[in-house]
2 protein chains.
Amino acid sequence: MATIKDVAAKAGVSIATVSRVLNRTGSCTTETKEKVLQAVEELGYRINLTAKSLKTGQTSVIGIALSGPYLLETPMIIRSALIVLQRQGFAVEVILDASMDTCVTLMKEGRLDGLLLIDMQRDEASLKRLIKTECRFVLLGGDTDREDVNLVQIDFFGGGYAATKHLISRGHREILFAEDNTQLPYTQEIKRGYLFALDENGIPYSEALLKGDSGDSLNKESIGYNSLNRLDIKTNASALLMTNDRIAQGALSAAREMRIKVPAELSVIGFGDHSQSDFSRPSLTSVKVPYAQQGELGAEILVNNIRRGDSIVKRVTLQTQLALRHTVTLHPRKVHGDRP
Amino acid sequence: MATIKDVAAKAGVSIATVSRVLNRTGSCTTETKEKVLQAVEELGYRINLTAKSLKTGQTSVIGIALSGPYLLETPMIIRSALIVLQRQGFAVEVILDASMDTCVTLMKEGRLDGLLLIDMQRDEASLKRLIKTECRFVLLGGDTDREDVNLVQIDFFGGGYAATKHLISRGHREILFAEDNTQLPYTQEIKRGYLFALDENGIPYSEALLKGDSGDSLNKESIGYNSLNRLDIKTNASALLMTNDRIAQGALSAAREMRIKVPAELSVIGFGDHSQSDFSRPSLTSVKVPYAQQGELGAEILVNNIRRGDSIVKRVTLQTQLALRHTVTLHPRKVHGDRP
DNA sequence: TTGAAAGCGCTAACAT
DNA sequence: ATGTTAGCGCTTTCAA
């Protein structure tokens with residue numbers, strides 16, 4: 001591969017001049033500039049980024065660290081962040097199965113300018129270690145108490161609360177809550193919102209109405225399917241709140257199989273921004289989560305931090321929005337008027 | 001950040017010794033080894049990968065280049081490749097919206113040891129340019145005529161053929177073909193298989209039964225939904241062949257809305273390995289595509305190429321498999337026996 | 001077994 | 001405006 005020396009030789013100038021022309025730093029005659037550019041063209045030369053990085057201490061590489069092996073858990077966050085980052089001239093490294101300590105190591109290895117941590121498990125000690133590396137990073141989801149780190153989070157509590165309140169306002173009281181992954185903080189937040197809404201309306205909390213999953217499965221539809229299928233009919237749930245649209249779709253399939261009419265006999269609300277929810281029949285009422293915006297914003301904050309070198313900590317909370325579609329209706333007993 | 005010098009100073013040895021201990025090359029006393037390791041521990045030292053790369057000429061970074069901006073088009077390929085690569089000790093850079101020439105540039109910049117090109121547009125000239133960089137790469141999908149490049153492809157032609165034949169064997173003759181993205185080679189392959197099967201069975205090809213899409217939409221469900229919804233009823237299609245499971249799901253939704261019974265009045269086959277297909281109701285008959293295996297295999301071939309330095313070209317074609325589920329049945333006219 | 005030193009390809013400070 | 005040169009942090013050859 002051609003190096004800067006080759007270009008310098010071919011153009012009949014020094015390597016410093018080549019560097020200057022290519023980086024548009026300093027000044028030179030149009031003539032030398034032409035010579036250099038032509039030599040570059042002819043040799044098909046490109047600056048060796050490894051060497052450049054070693055010299056400048058900047059790599060223009062940003063890591064996106066995911067806590068699980070699932071690239072697909074939050075595809076929209078990753079996608080939108082990637083697009084912003086790439087447009088801003090950064091290369092993006094994706095790290096699966098990462099922990100805070102993995103991130104510390106990565107930063108010490110010096111190949112990254114910054115990190116986007118997606119839904120990383122919260123851990124005071126290792127977070128402190130990460131901060132000590134003085135690296136730039138932004139937390140996307142996975143809440144922290146610390147006020148001194150960049151964080152773009154989503155108000156899942158509010159989402160769970162709004163969804164539950166909506167169901168309650170439609171007369172539902174036995175609301176089954178099914179979560180896709182009890183490990184992840186966001187489902188816990190949704191559950192908190194759910195429980196809060198129940199409590200606020202004097203509805204007793206029922207253990208039988210909580211369905212959890214270890215979250216090992218890629219097959220979210222099966223989680224939803226099973227959560228309904230295995231459900232003891234005696235619990236008499238008239239509504240379902242699922243922490244994920246795909247789980248909800250699985251539940252809808254199970255309902256169809258069990259000849260339970262949705263929404264006439266069973267109301268369902270999901271979570272997410274899955275485009276498919278619009279086109280399923282009946283279309284799924286769902287809490288819209290601004291994942292794309294979260295990824296974008298996180299990327300922008302990180303880039304500004306790196307580029308401008310500002311150390312201003314940004315903390316943003318994005319709101320969810322209830323998308324009213326066709327899987328929620330009035331409680332059957334209200335419809336039939338058979339209440340005392 | 002601590003450098004090798006700091007470690008050497010703290011351990012009271014030379015930097016060469018530190019390097020040797022850390023890379024397990026050469027030999028040394030247990031004593032010096034201990035000293036070095038302790039210094040490393042105390043300083044929290046990690047080898048600077050940028051410097052190492054510059055010296056060795058190896059980066060241990062592999063790029064996964066995608067032709068579109070859609071990380072999700074082929075999530076399973078990416079996921080499985082990423083897992084293999086990471087397990088083998090490589091960092092993985094994801095490049096969106098890449099072309100062959102983007103890849104040439106990337107390789108010249110020297111930050112990558114190799115490339116996985118997913119569904120890259122075929123282009124003789126730029127492929128030649130890429131080969132000239134002498135970089136290691138594997139093509140995943142996106143067929144080429146050249147016999148001298150690594151390629152892991154999927155027999156989509158065979159898949160389209162098998163699916164169509166299956167429908168024909170069930171008495172269907174008016175089979176609507178809807179593709180999600182006319183730009184991508186794989187839909188063309190499926191279409192070829194479809195047309196071949198029709199021809200083989202003396203069924204005339206009908207322009208009205210071909211539905212294409214520019215593929216701009218993220219919303220595959222809407223493509224499927226619209227392909228059926230806009231369909232002139234006079235075409236009288238009794239079966240649908242969709243190049244993607246999500247399109248097929250959209251079509252199923254449209255059918256449900258139009259009160260067309262699936263499969264009684266309309267048979268549907270999709271393509272993919274979407275887990276959700278199993279759990280939709282009726283569960284979707286679909287051509288299983290071994291995307292995960294494709295990603296794994298591609299990654300393994302690339303890693304072997306890099307590690308062992310072998311230049312043995314590997315070309316693999318993976319077969320699809322028809323998953324018989326519940327959206328295909330006999331042609332209605334056959335069922336009702338109203339044929340002449 | 002260990003250390004000294006060259007050099008990977010580049011940028012930037014300094015000199016001309 | 002351009003050239004010379006030090007040095008980024010590391011590996012590796014060579015010498016001791």
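Numbered from 1 within each chain, the chains take letters A, B, ... in sequence-line order.
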Touch class at under 4.0 angstrom, heavy-atom based, for Thr25(B) against every strand present: nothing
Nearest-angstrom distance from the residue atom CZ of Arg24(B) to C1' of dT11(D): 16 Å
Nearest-angstrom distance from the residue atom CE of Met1(A) to C1' of dG9(C): 14 Å
Thr102(B) versus Thr105(B), side-chain donor and acceptor atoms under 3.5 Å: no
Residue list, ring-ring contact (aromatic ring centres under 6.0 Å, His included) with Phe137(B), at least two apart or on another chain: none
Strand contacts (DNA chain C) in residues 47-60 of chain B, 4.0 angstrom heavy-atom criterion: Leu54(B), Lys55(B)
Donor-acceptor pair, side chain of Arg307(B) and main chain of Gln88(B), under 3.5 angstrom: yes
Spacing between Arg111(B) atom CZ and dC10(C) atom C1', to the nearest angstrom: 14 Å
Those residues that, when tested against Glu34(B), pass salt bridge (charged side-chain N to carboxylate O under 4.0 Å, His left out) (two or more places apart): none
Check: Thr50(B)/Ser53(B) side-chain N/O donor and acceptor closer than 3.5 Å: no
Asp113(A) side-chain N/O to Ser60(A) backbone N/O, donor-acceptor pair under 3.5 Å: yes
Residue pairs, two or more places apart or on separate chains, that pass side chain to side chain donor-acceptor pair (under 3.5 Å) and touch residues 127-138 of chain B: Asp101(B)-Arg129(B), Arg136(B)-Asn305(B)
Salt bridge (charged side-chain N to carboxylate O under 4.0 Å, His left out) partners of Arg20(B), counting only residues at least two apart: none
Close residues, residues 3-22 of chain B, relative to DNA chain C [heavy-atom separation under 4.0 Å]: Val13(B), Ser14(B), Ala16(B), Thr17(B), Arg20(B)
